[in-house]
Amino acid sequence: MALNIKPLSDRVLVEPAAAETQTASGIYIPETAKEKPQKGTVVAVGGGKKDHDMTVKVGDSVLYGKYAGTELKLEGKDYLIMREEDILAVV
């Protein structure tokens, strides 16, 4: 299902990865102690700025800052919209 949203300029729409529910040693993490994920998948990319082409593309798995972007809900799913400069790395 395709989203009917096109970010403007150098903005990127990211679908955050699900938060971890269990530690590596097998301990379950309660809902109140879960951390906000810092990894996600690029869903839509803007056209870039006049002298700057976009380096990320749809489908890239990215790492972003803890407080980066603006949260929004589209078609029942949570997304983040952020500037490309808020993305720290492509994994």
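From a predicted model like this one, the values you see are computed outputs, not experimental measurements.
- Annotation for Asp78 and Lys73: closest pair OD1-CE, 3.1 Å, computed over non-hydrogen atoms.
- Two different hydrophobic clusters hold Ile81 and Val12 under the rule that ILVMFWY side chains link at heavy-atom gaps under 4.5 Å.
- In the hydrophobic clustering of this structure, Leu13 does not group with Val58; members are Ile, Leu, Val, Met, Phe, Trp, Tyr whose side-chain heavy atoms approach within less than 4.5 Å, directly or through other members.
- Contact between Tyr64 and Pro16 at its shortest, heavy atoms only, is OH-CB, 3.5 Å.
- Heavy-atom minimum distance, Gly69 versus Asp86: N-OD2, 4.3 Å.
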Full working for side-chain contact (heavy atoms from CB on, under 4.5 Å) between Glu84 and Val45: CA-CA 9 Å; Glu84 185 184 34; Val45 178; over 6 Å; no
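- Once rounded to the nearest 0.5 Å, the distance linking CD of Glu85 with CZ of Arg11 reads 9.0 Å.
- Val43 and Leu74 fall within the same hydrophobic cluster, where Ile, Leu, Val, Met, Phe, Trp and Tyr residues are linked whenever their side-chain heavy atoms come under 4.5 Å apart, directly or through other members.
- Atom CG of residue Asp60 and atom CD1 of residue Ile87 lie 8.5 Å apart, to the nearest 0.5 angstrom.
- Residues Val90 and Leu63 are members of separate hydrophobic clusters, defined by side-chain heavy-atom contacts under 4.5 angstrom among Ile, Leu, Val, Met, Phe, Trp and Tyr.
- Cluster annotation: Met82 is not connected to Leu88 through the hydrophobic network of ILVMFWY side chains, with a link wherever side-chain heavy atoms come within less than 4.5 Å.
- The two residues Leu80 and Ala68 come nearest to each other via the heavy atoms CD2-O, 4.1 Å.
- One distance of note links CE of Met54 with OG of Ser9; it measures 8.0 Å at 0.5 Å rounding.
- When all heavy atoms of Ala44 and Ile5 are compared, the closest pair comes out as CB-O, 4.0 Å.
- Interatomic distance, Thr70 OG1 to Arg83 CZ, rounded to the nearest 0.5 Å: 10.0 Å.
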